There are 2 protein chains.
Amino acid sequence: MSETVAALQHALQQERLSVTNPRRVVFQALQDAEPQTMPQLIARCRGVINRASIYRTVVLFERLGIVQRLQIGWKYKLELSNAFQHHHHHLTCLQCGGVTPLPEDALLEKQLDRLARRHDFAAQDHQLEIRGRCASCQT
Amino acid sequence: MSETVAALQHALQQERLSVTNPRRVVFQALQDAEPQTMPQLIARCRGVINRASIYRTVVLFERLGIVQRLQIGWKYKLELSNAFQHHHHHLTCLQCGGVTPLPEDALLEKQLDRLARRHDFAAQDHQLEIRGRCASCQT
DNA sequence: CTGCTTGCAAATCTTTTGCATTGAA
DNA sequence: TTCAATGCAAAAGATTTGCAAGCAG
């Protein structure tokens, strides 16, 4: 069992929730791939886990802070959230559709905090997407 | 006719597209409200414009850079884009669901540019959402 | 006129729900 | 054993498409 699946177990047990096979499978599917759409995730679990259970699991994981939904262009995508993966932002290539994670940038983070505070807003979380053309699509 | 509808006309004519009533209605519905979901937009045009035409119009407007889809929590919302409204970001309150626009912050913008450039990424656009609790929900 | 746009209706895709059954603790 | 969690199937909701009719240019 991988180390991160152990973390999943921990998160579930802490809430007295069962550690079931569907939950493990969905978690690993999320772990193995780039941010993915719901249909992609469903395809990844095809035959093994029922569609409805995947939806239910994603909702649960979101409540537990295990996954987060990103709006990438038009449709949302899913990825593991900060507790299971470093906090980061995304570069979306409008040409090839690729999504590249950006390494954390302390300066930027600090600046966003300050910005929120300036507006009496208690920031908990944020998302940033930069859209344009990736290095390899610039010919 | 309002000034901004004139801008819509201009944008359409420049592409040799018809200035039709559905397009005007959808445009004004977008102009009159906060960022809204597709069902909200449809409700706003209820009876006047057909659902399918609204979808088609939104796709067109997006291609023309007139509207943009935002990640607001879970579902996307639509709003007029930068050419028709000042560039800005959003504070989303997780408690009351309100979405507050942030005034443009030159320092932040510059930094995002720098960040993209550092990764050989030709940025065209970006979106930032900060989530947390707004001033009035902090009791 | 002429071809772009629309409305309508049906198809398709996505998400949610009720209920009987299964399985983790 | 017990209750939460699952699978299944059907419902509900969102989005797309084909086609005939309408309207802007």
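These values consider heavy atoms only, across backbone and side chains, with no hydrogens, waters or symmetry-generated copies. Letters A, B, ... are given to chains in the order of the sequence lines, protein chains preceding strands, and every chain is numbered from 1. Not measured: the values here are computed from a predicted model.
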- prompt: Can you check whether B/R23 has a side-chain N or O nearer than 4.0 Å to OP1 or OP2 of C/dT6?
  reply: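 Checking C/dT6 against B/R23, a side-chain N or O does come within under 4.0 Å of OP1 or OP2.
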message: I want to check one thing: is the phosphate of C/dC4, taken as OP1 and OP2, less than 4.0 Å away from some side-chain N or O of B/T20?
response: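 So the side-chain polar atoms of B/T20 never come under 4.0 Å of the phosphate oxygens OP1 or OP2 of C/dC4.
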Find the distance [X]:[atom1] to [N]:[atom2] and express it as a whole number of Å.
X	N	atom1	atom2	result
A/R16	D/dA5	CZ	C1'	18 Å
A/E15	D/dA5	CD	C1'	16 Å
A/Q40	C/dT15	CD	P	12 Å
B/R63	C/dC4	CZ	C1'	12 Å
A/L12	D/dT6	CG	C1'	15 Å
A/I49	D/dT6	CD1	C1'	9 Å
A/I54	D/dG7	CD1	C1'	12 Å
A/L41	C/dC13	CG	P	18 Å

Taking the side chain from [X] and the backbone from [Y], do they hold a donor-acceptor pair closer than 3.5 Å?
X	Y	result
B/S81	B/I66	yes
B/Q138	B/R133	yes
A/Q31	A/V5	no
B/Q111	A/Q111	no

field: Option passing side chain to side chain donor-acceptor pair (under 3.5 Å) with B/H90 (candidates B/E79, B/Q127, B/R131)
entry: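 Considering B/E79, B/Q127, B/R131, a side chain to side chain donor-acceptor pair (under 3.5 Å) with B/H90 is found only for B/E79.
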message: Considering every strand and a 4.0 Å limit on heavy-atom distances, what is the contact class for B/I42: base, sugar-phosphate, or nothing?
response: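 Since no nucleic acid heavy atom lies under 4.0 Å of B/I42, the category is nothing.
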query: Is the count of non-hydrogen atoms from other residues, nucleotides or ligands lying under 6.0 Å from B/R44 atom CZ greater than 12?
result: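 Atom CZ in B/R44 is packed in, count exceeds 12.
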message: With hydrogens left out and only the distance checked, is there a donor-acceptor pair under 3.5 Å joining B/R56's side chain and the base of C/dG7?
response: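 Answer yes: a donor N or O sits under 3.5 Å from an acceptor.
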Side chain of A/S18 - closest among C/dT6, D/dA5, C/dG18: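 Nearest listed nucleotide: D/dA5.
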Between N or O atoms, less than 3.5 Å apart, protein on one side and nucleotides 9-14 of chain D on the other: list the pairs.
none

Distance, nearest 0.5 Å, that separates CG of A/L115 from NE2 of A/H126: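 Those atoms lie 11.0 Å apart.
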